[in-house]
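What you see is a predicted model; the values in this text were computed from it and never measured. All ligand and atom numbering here is 1-based and tracks the order in the structure.
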Amino acid sequence: MDPLSLKSLLLLLPLLGCCVGQGILPAGPVSALVGGNVTLKPLISYPPSVITWTFNGPNGVATFIGGTVIVEDAYTGRASLNSTDGSLTLSALTPGDSGDYNVNVITTRALFGETKLLVVEPVSNVDIKSNVPDAIEYNSTVILTCSAIGSSLSFKWINGSAPIVVDGTRITEIKTNSSSVLTIKNVLRTDLVGPIYCTASNSLTTKSTTTPFNLTVYYGPDDVTLTPANPPKFIQAGSTFNLTCSASSLPPASFTWYYNGTRIETSSSVLTLDMIKGYTKMANYTCRAENPKSKRSVPSPAVSFAIMEGISSVEIIGPT
Ligand SMILES: *[C@@H]1O[C@H](CO)[C@@H](O)[C@H](O)[C@H]1NC(C)=O
Ligand SMILES: *[C@@H]1O[C@H](CO)[C@@H](O)[C@H](O)[C@H]1NC(C)=O
Ligand SMILES: *[C@@H]1O[C@H](CO)[C@@H](O)[C@H](O)[C@H]1NC(C)=O
Ligand SMILES: *[C@@H]1O[C@H](CO)[C@@H](O)[C@H](O)[C@H]1NC(C)=O
């Protein structure tokens with residue numbers, strides 16, 4: 001039998017059902033990086049007299065027959081067949097090398113093996129983007145997109161050191177092969193304290209965002225309070241008494257003051273007696289804190305007091 005017809009026969013063997021159940025290659029898929037090398041090695045116990053490797057059906061890769069290794073033109077310089085152990089090495093791998101590899105071997109008998117090769121691009125360029133530059137607590141929907149270059153990617157989100165928990169309602173995630181889109185509705189100030197990282201992986205490589213991602217969530221004003229909350233009913237004019245308004249707010253709140261509902265001309269967080277000269281009657285004092293970003297304005301509880309003019313010169317007139 002001349003070598004070429006033997007080769008044809010070998011290609012027919014699997015079709016004839018000759019060697020079913022005699023898989024001599026690991027099932028796979030075997031993963032390898034683009035540009036890298038892979039060696040597919042059949043499990044055989046005796047030196048082969050004939051070996052044929054094919055790709056995606058009938059496409060020849062390399063053959064060992066009559067003591068000679070023949071590498072198909074398409075694989076010149078890229079494929080080598082080891083006639084001792086029957087292994088096929090492919091180098092300078094491209095995504096086009098992904099697919100099914102078959103080997104037919106004749107040792108003391110005919111053997112057949114099949115496996116899958118997956119040539120993956122290494123992960124690179126992991127990047128997080130946001131739909132907004134900043135957000136307002138309770139109002140904003142923040143959409144973060146993590147993307148990367150590479151094949152068959154899976155993504156993970158980390159906030160600080162803990163994974164971001166997707167609850168499927170307020171926080172949802174849509175995954176594709178090349179990105180993960182995290183949607184946070186009615187964002188809370190605690191959602192994105194960060195630093196936020198995204199990690200992309202495939203079967204061979206893993207990469208994270210190199211710079212931490214932060215997104216400022218503006219909040220407040222909350223807890224708008226006056227100090228002291230219970231001032232004395234009568235306050236001595238000229239004393240050091242003052243009222244302080246405070247609020248939890250980002251950015252810091254601006255303040256306005258009211259005397260029985262009428263605006264007092266100051267924007268300080270501290271109201272001094274000097275600022276309310278001339279107001280002496282018992283009155284309600286309140287402050288409003290406004291967040292300059294969200295424009296939310298929240299009043300404090302009111303306090304009330306009257307200011308007593310000091311008695312400047314006291315003359316004690318006793319009984320003579
Ligand atoms: C591929 O194999 C060649 C020769 O065996 C070696 O020089 C080269 O470093 C290998 N490349 C990779 C990416 O492993
Ligand atoms: C071929 O395989 C045998 C057995 O695994 C090994 O000893 C030998 O070094 C290989 N030859 C080449 C050229 O890689
Ligand atoms: C993000 O937040 C962390 C921790 O609060 C801080 O150290 C880092 O500088 C911030 N990065 C940016 C880009 O704002
Ligand atoms: C936030 O949402 C409330 C209620 O939906 C709305 O009234 C308010 O205008 C929103 N604030 C901002 C700053 O968008």
Plane angle bin for Tyr75 and Phe55 - parallel if under 30°, tilted between 30 and 60°, otherwise perpendicular: perpendicular
Any protein heavy atom nearer than 4.0 Å to atom 9 (O) of ligand 2: no
Option passing side chain to side chain contact (heavy atoms under 4.5 Å, CB included) with Pro122 (candidates Thr205, Thr206, Ile149): Thr205
Donor-acceptor side-chain pairing of Ser87 and Asp85 below 3.5 angstrom: yes
ILVMFWY network linking Ile264 to Leu273, side-chain heavy atoms under 4.5 angstrom: yes
Closest to atom 1 (C) of ligand 2 (judged by heavy-atom distance), picking from Leu81, Asn82, Thr89: Asn82
Within-cut-off N or O pair, Asp85 and ligand 2, under 3.5 Å: yes
